[in-house]
Amino acid sequence: MRVERPKDRDHGDWATNVAMQVAKAAGAKPRDVAGHLASRLAGRPGIASAEVAGPGFLNIRLAAGAAGELARFIVEAGPKYGLGDAMKGLTVNLEFVSANPTGPIHLGGTRWAAVGDSLARLLESQGAEVIREYYFNDHGVQIDRFAASLLAVVLGEDPPEDGYVGQYIQDIADEVMVEAMAARDKDPIERPRAEALEFFRDRGVKVMFAQIKESLHNFGVDFDVYFHEESLHESGAVDKCLGELKASGALYESEGAWWLRSTEQGDDKDRVVIKSDGTAAYIAGDIAYIRDKHHRGANLCVYLLGADHHGYIARLKAAAVALGYNPESVEVIIGQMVNLVKGGEAVRMSKRAGTVVTMEDLVEAVGVDAARYALTRSSIDATIDIDLDLLASHSNANPVYYVQYAHARAGAVARNAAEYGISRDQAFAPETLTHETETALLGLLGEFPRIVAQAAQFREQHRVARYLEELAGAFHGWYDRTRVTPQGDEPVTDLHRSRLWLNDATRQVLANGLGLLGVGAPERM
RNA sequence: GCCCCCGUAGCUCAGUUGGAUAGAGCGUCGGACUUCUAAUCCGUAGGUCGCAGGUUCGAAUCCUGCCGGGGGCACCA
């Protein structure tokens with residue numbers, strides 16, 4: 001059952017299918033139920049008409065003043081318009097990006113940075129407390145390979161097998177060397193090989209991580225917690241956790257290894273947590289990490305992962321269950337991949353071919369706003385193509401400008417109105433906002449809170465972007481056919497003043513919506 | 001083989017968790033600036049919603065099967 005804005009304006013301002021839904025239970029025909037409701041609604045304050053239509057829809061038309069009052073409400077609510085409290089009391093640990101510190105963040109990670117931050121804003125808009133978290137995999141063999149790659153380039157050797165290549169390896173190695181010299185450390189390359197490797201591992205990761213943090217910051221994404229996997233091992237948290245899980249029977253022993261019952265959460269097979277040589281598998285860190293997140297107050301752990309990590313869902317939920325938590329306390333959101341496109345053709349990103357696009361490349365090419373908007377306006381279920389040339393163009397193939405322009409335009413209207421002495425301090429006559437573009441605009445403005453609440457509930461930030469495009473369209477149409485300032489020697493009337501409220505209300509909603517996407521709302525363009 | 005995502009206008013994608021005549025942008029074609037920002041607006045053309053069944057008052061949406069594209073299936077991390 002729902003009350004919604006009908007697609008067809010002829011069907012009124014609001015329409016509901018309630019009569020069809022309850023007809024069976026009421027033992028009456030849908031149209032009869034609707035007719036009864038219509039007669040009860042008609043004549044109530046604010047309602048102009050209520051009619052039965054089609055198989056039993058109830059079409060409701062609001063009195064002009066009632067619809068227009070919304071403009072005042074929005075302007076007075078300001079940045080708070082659109083907020084809700086459906087998630088009050090919920091503490092969400094939202095983990096995203098978590099790219100390995102062995103290189104810069106690529107397009108894929110950039111998508112999760114934009115989406116994750118937007119989801120965080122959406123959850124917060126509904127009253128949830130959100131911890132933005134980045135899990136820093138600084139423990140495994142890939143870090144050893146990274147260190148070996150740095151050392152190799154300093155020594156002028158060939159990169160190691162499965163090592164990392166690219167200019168950034170040289171740059172980081174240089175930076176590590178410069179820092180070593182400045183600190184008057186012992187020259188790294190004079191050290192024994194094992195010691196030199198450890199030196200580059202430690203310093204190299206620090207430098208790489210600082211770069212990643214800076215890129216994210218410049219992208220407008222700052223995490224509350226940068227969590228080091230290494231710390232779970234160093235503190236003994238992993239060992240302690242594993243010991244308890246063995247003792248409690250949450251893990252079982254087979255073929256000399258200890259297993260997690262991930263099949264109970266839909267996995268193809270159970271997963272090894274403690275290898276038969278007694279060492280911990282990667283997943284052991286994940287388990288201890290989930291416990292740590294809960295201990296830090298999270299009652300919902302959300303993971304935003306790429307499609308290539310789809311297999312993690314079952315094992316992360318199984319990990320929660322093994323720890324005694326509800327599997328619902330772990331939520332894994334899987335997003336599809338990002339493709340690089342040039343001239344209409346897909347380009348396979350390859351380090352060797354030099355076709356890798358990083359977060360910094362993307363920002364440099366198109367700017368933060370265009371980048372974030374392009375990455376958040378699509379459903380995460382859709383694979384997206386990024387065409388740098390297209391995004392850099394200030395054309396309508398680039399809807400971020402369409403929305404931003406609407407905001408800037410509303411700002412210009414307000415400035416002009418001020419010059420004419422039109423201000424919101426004077427009369428507001430909501431019943432004067434009767435132009436068809438005004439009815440449409442007011443209708444859309446009224447939907448914003450519901451759009452935001454649903455976007456948060458379904459973890460679908462793209463709904464906000466799509467809504468903003470629709471709202472911007474309605475605003476441009478209104479701008480084109482009505483005027484806030486008088487023409488010629490026309491006097492200023494209540495209609496002009498009332499339209500300023502509508503203009504400012506629209507600007508507020510555009511700003512609030514863009515804010516949820518982490519995209520700027522410029523005053524001028 | 002099994003699991004996940006996708007298939008909607010020439011292209012890129014929405015489609016309010018089952019509603020009324022399936023939408024937007026780009027691209028076509030044609031219009032609108034001597035007055036608040038033309039990064040805009042108005043009009044036009046374009047569809048077996050991958051295919052076939054099923055569920056019901058009603059399906060792009062839910063179920064089953066098939067076809068096509070992408071991703072994943074380690075005692076790696």
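Each chain gets a letter, A, B and so on, in the order the sequences are listed, and its residues count up from 1. Keep in mind that what you see is a predicted model, and the values were worked out from it rather than measured.
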Query raised in the report: Is there a donor and acceptor pair, one atom on the side chain of A:Ser378 and one on the base of B:C13, closer than 3.5 Å?
Result: no
Query raised in the report: Does a distance-only test, which skips hydrogens and angles, find a donor-acceptor pair under 3.5 Å between the side chain of A:Asp286 and the base of B:A77?
Result: no
Query raised in the report: Which part of the nucleic acid, if any, lies within reach of A:Thr279 when heavy atoms closer than 4.0 Å are counted: base, sugar-phosphate only, or nothing?
Result: nothing
Query raised in the report: Checking all strands, does A:Thr437 fall into the base, sugar-phosphate, or nothing category for heavy-atom contacts under 4.0 angstrom?
Result: nothing
Report task. In whole angstrom, give me the gap between the P atoms of B:U17 and B:C2. Result -> 33 Å
Query raised in the report: With a non-hydrogen cut-off below 4.0 angstrom, is A:Phe458 in contact with a base, only sugar-phosphate, or nothing?
Result: base
Query raised in the report: Is B:U17 in the syn or the anti form, by the rule that syn lies within 90° of 0?
Result: syn
Query raised in the report: What does A:His462 touch in the nucleic acid at a heavy-atom separation under 4.0 angstrom: a base, only the sugar-phosphate, or nothing?
Result: sugar-phosphate
Report task. Could you tell me whether the side chain of A:Arg450 has a donor or acceptor atom within less than 3.5 Å of a complementary atom in the base of B:U16? Result -> yes
Requested in this report: Mind checking A:Arg466 for me? I need base, sugar-phosphate or nothing, with any heavy atom below 4.0 Å counting as a touch.
Outcome: sugar-phosphate
Query raised in the report: What about the rings of A:Tyr303 and A:Tyr312, do their centers lie closer together than 6.0 Å?
Result: no
Query raised in the report: Contact class for A:Asn137 (heavy atom, under 4.0 Å): base, sugar-phosphate, or nothing?
Result: nothing
Query raised in the report: Is there a donor and acceptor pair, one atom on the side chain of A:Tyr312 and one on the base of B:A77, closer than 3.5 Å?
Result: yes
Query raised in the report: Does OP1 or OP2 of B:A38 have a side-chain N or O of A:Tyr479 closer than 4.0 Å?
Result: yes
